[in-house]
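Structure, as structure tokens:
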There are 2 protein chains.
Amino acid sequence: MTTTTRDRIVGASAELFRRQGYTGTGLKQIVAQAEAQLGSLYHFFPGGKEQLGQEVIRWAGLLYQRLVEGFMIAAPDVVTGVRDVFAGAAETLRQTGYADACPIETVALEVATTNEPLRRATAEVFGSWIESGTRGFRRAGIRSHEARSLAIGLIAALEGAFVLSRAMRNTEPLEAAGEMVAQAVERAISATG
Amino acid sequence: MTTTTRDRIVGASAELFRRQGYTGTGLKQIVAQAEAQLGSLYHFFPGGKEQLGQEVIRWAGLLYQRLVEGFMIAAPDVVTGVRDVFAGAAETLRQTGYADACPIETVALEVATTNEPLRRATAEVFGSWIESGTRGFRRAGIRSHEARSLAIGLIAALEGAFVLSRAMRNTEPLEAAGEMVAQAVERAISATG
DNA sequence: GTCTATATCTCGATAGAC
DNA sequence: GTCTATCGAGATATAGAC
């Protein structure tokens, strides 16, 4: 393993922010988990916690986008792809004791009205996800406007199901929400031919 | 106005937790906004921040449930009711500068893996919401199992749309998610007759 | 019940040796 | 680049007068 100190700090931050949120995670906890020193953190991120937060949001957001795109590309059709995304999320949640869901959701809610630079970072990530989903649905023959609505509906249902599933500690919400989205996509496909 | 000190503390906490989250809100900020003193807070809540958090989650959760039930009851049919709930949420979000969405969502994500008593409180609130929604859909003639799935889908879509709308500062996610849920309910109704 | 003062701890951030 | 010591501010919580 040849991970740099900088990478370990970003990785540890992403994991902790995802589970405990931004305000709930201290810089000392981050460097401890990253097996780094506080001086190194400020060396790589002179802007402190906020700069680190921005980079973590963008990095984790892109990684998660690729993960979901992987599920969609691997599936034989988009409806199956949607079901696979929700099933995969449920599987991860179960395996991590309902800890690892969306990497930026908790942070996004925390900073939405308290930290404008971080809020913008989360908005850009969500915007990129919506565009990615829209492209996927368009490729399946769905017309532009509806493709975008379905992409937003998919992401919203997934994020909301994460909240319910993490709080209630069962995957029923992910299953119900996934089925609702899958059927909406199915309807849109059969309507377009 | 004859609000008691205790009520003002609970009300101020609810507003601040909703906007800034649990870890992001200090007890001194709460008593300042409540125009109360720290001693009063510990007089009414000897269990400190955690006891206050539990009470706020349950109180705000019940209040919000009644708000949504009000929209559903006032509507001429359930599909219109669903649309009204999302439209009402969008209106509130716009009016409050995208600050006031779900009263317990941010807290629920923060505590899901860090504070078991608070996690249980959020789980109970979500459970109560799901039961309320299930009853509403059953009254419209939808069979039990599907009514529950739709209730979960509705809450998940609403919660997820809140995340997107607050981060992106526009109500498009609430509109897209609301339409997806409304059509799912419409389909379930016409299938049952 | 209300209010003030304070104890103890942890936070983010900085300085400077190496 | 790494590491340690420490700063000032803010956190939760407590004690005790009134």
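In what follows, chains carry the letters A, B, and so on, assigned in the order in which the sequence lines appear, proteins first and then strands, with residues in each chain numbered from 1.
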Rounded at 0.5 Å granularity, tell me how far CD in A/E55 sits from CZ in A/R6.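 CZ of A/R6 is found 4.0 Å from CD of A/E55.
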How about B/E69 and B/S132: does a side-chain donor come under 3.5 Å of a side-chain acceptor?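 Yes, B/S132 and B/E69 have a side-chain donor paired with an acceptor closer than 3.5 Å.
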Between [options], spot the one nearest the side chain of [X], thanks.
X: A/T5; options: C/dT14, D/dT2, D/dT14; result: D/dT2
X: A/S40; options: C/dC11, D/dT2, C/dT14; result: D/dT2
X: A/F44; options: D/dT12, D/dA5, D/dT2; result: D/dT2

Rounded to the nearest angstrom, tell me the gap between atom [atom1] in [X] and atom [atom2] in [N].
X: B/I9; N: C/dG1; atom1: CD1; atom2: C1'; answer: 11 Å
X: B/K28; N: D/dT14; atom1: NZ; atom2: P; answer: 14 Å
X: B/Q51; N: D/dT12; atom1: CD; atom2: C1'; answer: 14 Å

Contact class for B/Y42 vs. all strands (heavy atom < 4.0 Å): base, sugar-phosphate, or nothing?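 Base, at least one base heavy atom under 4.0 Å.
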Using a 4.0 Å heavy-atom cut-off across all strands, classify A/G39 as base, sugar-phosphate, or nothing. base
Ranking B/H43 and A/T25 by the position along DNA chain C of their nearest nucleotide, the one closer to 5' is B/H43
For residues B/V107 and B/L62: do they belong to one hydrophobic cluster (side chain heavy atoms under 4.5 Å, members Ile, Leu, Val, Met, Phe, Trp, Tyr)? no
Cation over ring face, A/K49 and A/Y22, 6.0 Å, 45°: yes
Is any side-chain N or O of A/Q37 closer than 4.0 Å to OP1 or OP2 of D/dG1?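 Checking A/Q37 against D/dG1: no side-chain N or O falls below 4.0 Å of OP1 or OP2.
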